[in-house]
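Just so you know, these numbers use all the heavy atoms, side chains as well, and skip hydrogens, waters and symmetry mates.
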Amino acid sequence: MKTLRMDLHTHTLYSHDSVLKLEHYVEACVRKGINCVAVTDHNEIDGAKRMQKMAPFKVIVGEEIRTRDGEISGLFLKERIPPNLSAFETIRRIREQKGLVYIPHPFASGVFMRLKQHVLESVVDEIDIVEGWNSRGLLRADDDRARAFAERHDLPFAAGSDAHSRFELGSAYVEMKDFKTKEQLLRNLREGRLFGRKTNLLFPASSVVLGRARVLGGHRTDKAREKRRTRNPTKKIFSDDF
């Protein structure tokens, strides 16, 4: 059976704080031997859907969703789930799509949007996968704590590079047997081997700067589009974000 190197936490240019173009993403994964990924852009799935069509490897459509209680990722999604819902409502919507509930960086120091601990404990019976390694996380002890949490609750754990650039792809993955169904993925994940290294702190810092710049730039772009609509309300305005 084919062996996978699977990274379940990655971002493309469709995330507000990522610079990773789709073609560069594909090239980097092929070069580094990553042959199964979840594209989990922030509050968006269009990039994942496009990647699934163009990549020569297995792509899971995911979304890292900002809830009122912290971030939760949905895997195997068909439709975007809006941000700013409660953790419970977000999980319900993932389940409606028959997706998997993935908890990214559950104990990562310095990650403001990690899921609140009391909420994590309250939804533990709804969790499918815990992120047992996050390459952007500052402390290995936080990853150890995440894996211990998964083991204590008999949950499989995975690796996430949390890549926002091509240089970060491949910094974390689980080597495991191939799968055809979500259930088989969960079984094989338990038998996989986790590989991970920490990324340079400059990458997260640059993402913060980029995110702020793109938010400001997007605000200016939205104002310009509104002016064009006012001048010519019947003309279709195409996105120039990407």
Side-chain angles (χ1 to χ4, degrees), residues 6-11 15-18 37-45 48 60-77 79-164 168 172 174 182 185-186 189-190 194 196 198-199 204 207-208 211:
M6 182 173 70
D7 181 352
L8 288 182
H9 187 170
T10 68
H11 297 271
S15 285
H16 68 275
D17 55 354
S18 174
V37 298
V39 176
T40 53
D41 285 319
H42 295 292
N43 310 310
E44 180 58 78
I45 65 169
I60 298 167
V61 174
E63 179 185 356
E64 189 172 15
I65 307 155
R66 185 183 69 247
T67 81
R68 295 198 297 269
D69 306 299
E71 289 177 329
I72 296 174
S73 291
L75 305 180
F76 297 97
L77 298 183
E79 302 293 336
R80 174 184 179 269
I81 296 173
N84 301 320
L85 304 172
S86 70
F88 297 96
E89 175 63 14
T90 299
I91 289 172
R92 187 186 71 79
R93 295 196 184 200
I94 293 171
R95 292 292 185 222
E96 278 186 346
Q97 299 187 39
K98 302 187 185 305
L100 296 181
V101 176
Y102 179 95
I103 304 299
H105 42 61
F107 301 105
S109 301
V111 177
F112 174 71
M113 284 305 298
R114 69 178 184 271
L115 195 62
K116 296 173 183 176
Q117 188 168 352
H118 74 276
V119 178
L120 176 66
E121 295 287 352
S122 67
V123 302
V124 68
D125 291 338
E126 295 295 329
I127 297 171
D128 294 301
I129 305 171
V130 173
E131 189 167 80
W133 180 275
N134 181 287
S135 288
R136 283 194 161 204
L138 297 176
L139 303 176
R140 290 173 180 264
D142 294 337
D143 299 308
D144 294 341
R145 187 179 175 191
R147 294 194 298 276
F149 174 86
E151 290 171 350
R152 186 165 67 252
H153 293 284
D154 193 30
L155 293 168
F157 54 81
S161 67
D162 203 352
H164 288 63
E168 297 169 88
V174 171
K182 294 187 285 287
L185 181 156
L186 294 175
L189 188 56
R190 291 180 181 274
L194 188 153
K198 294 298 182 182
T199 54
S207 290
V208 171

| Working for salt bridge (Lys or Arg N to Asp or Glu O under 4.0 Å), residues D143 and K198 | CA-CA 11 Å; D143 299 308; K198 294 298 182 182; 2.5 Å; yes
What heavy-atom pair brings [X] and [Y] nearest, and what distance separates the two atoms?
{"X": "V130", "Y": "A150", "answer": "CB-CB, 4.0 Å"}
{"X": "S18", "Y": "H164", "answer": "OG-O, 2.9 Å"}
{"X": "K182", "Y": "L100", "answer": "CD-CG, 4.0 Å"}
{"X": "G74", "Y": "I65", "answer": "N-CD1, 4.2 Å"}
{"X": "H9", "Y": "G160", "answer": "CB-CA, 3.6 Å"}
{"X": "A158", "Y": "I129", "answer": "CB-CG2, 3.7 Å"}

| said: Working note: I103 + I72, criterion side chain to side chain contact (heavy atoms under 4.5 Å, CB included); need CA distance, chi angles, decisive distance, verdict. | reply: CA-CA 5 Å; I103 304 299; I72 296 174; 4.3 Å; yes
| message | Under the rule for side-chain hydrogen bond (donor to acceptor under 3.5 Å, both in side chains), what residues qualify as partners of D142, not counting sequence neighbours? | response | S109
| request: State, yes or no, whether a side-chain contact exists between L185 and M6 at a heavy-atom distance under 4.5 Å. | output: yes
If we ignore hydrogens and angles and just use 3.5 Å, is the side chain of [X] paired with the main-chain N or O of [Y] as donor and acceptor?
{"X": "T199", "Y": "S135", "value": "yes"}
{"X": "D7", "Y": "S161", "value": "yes"}
{"X": "N134", "Y": "G137", "value": "yes"}
{"X": "R80", "Y": "N43", "value": "yes"}
{"X": "D128", "Y": "V101", "value": "yes"}
{"X": "R145", "Y": "P106", "value": "no"}
{"X": "D69", "Y": "V119", "value": "no"}
{"X": "S15", "Y": "H42", "value": "yes"}
{"X": "T10", "Y": "A38", "value": "yes"}

So, taking the atom named [atom1] in [X] and the one named [atom2] in [Y], what distance separates them when rounded to the nearest 0.5 Å?
{"X": "H11", "Y": "R136", "atom1": "NE2", "atom2": "CZ", "value": "7.5 Å"}
{"X": "F107", "Y": "L115", "atom1": "CZ", "atom2": "CG", "value": "9.5 Å"}
{"X": "F157", "Y": "L189", "atom1": "CZ", "atom2": "CG", "value": "8.0 Å"}
{"X": "I81", "Y": "R66", "atom1": "CD1", "atom2": "CZ", "value": "14.0 Å"}
{"X": "I127", "Y": "F149", "atom1": "CD1", "atom2": "CZ", "value": "5.0 Å"}
{"X": "Y102", "Y": "E64", "atom1": "OH", "atom2": "CD", "value": "9.0 Å"}

| query | What pairs meet the salt bridge (charged side-chain N to carboxylate O under 4.0 Å, His left out) rule with one or both residues in residues 101-126, with sequence neighbours excluded? | reply | R95-E126
| query | What pairs of residues pass the salt bridge (charged side-chain N to carboxylate O under 4.0 Å, His left out) test when at least one of them lies in residues 82-91, not counting sequence neighbours? | reply | E89-R92, E89-R93
| E71 versus H105, side-chain donor and acceptor atoms under 3.5 Å | yes
| query | Do you know which of L8, V39, V37, L77 makes side chain to side chain contact (heavy atoms under 4.5 Å, CB included) with I60? | reply | L8
| task | Take V111 and L138 through the side chain to side chain contact (heavy atoms under 4.5 Å, CB included) test and state the conclusion after the steps. | result | CA-CA 9 Å; V111 177; L138 297 176; over 6 Å; no
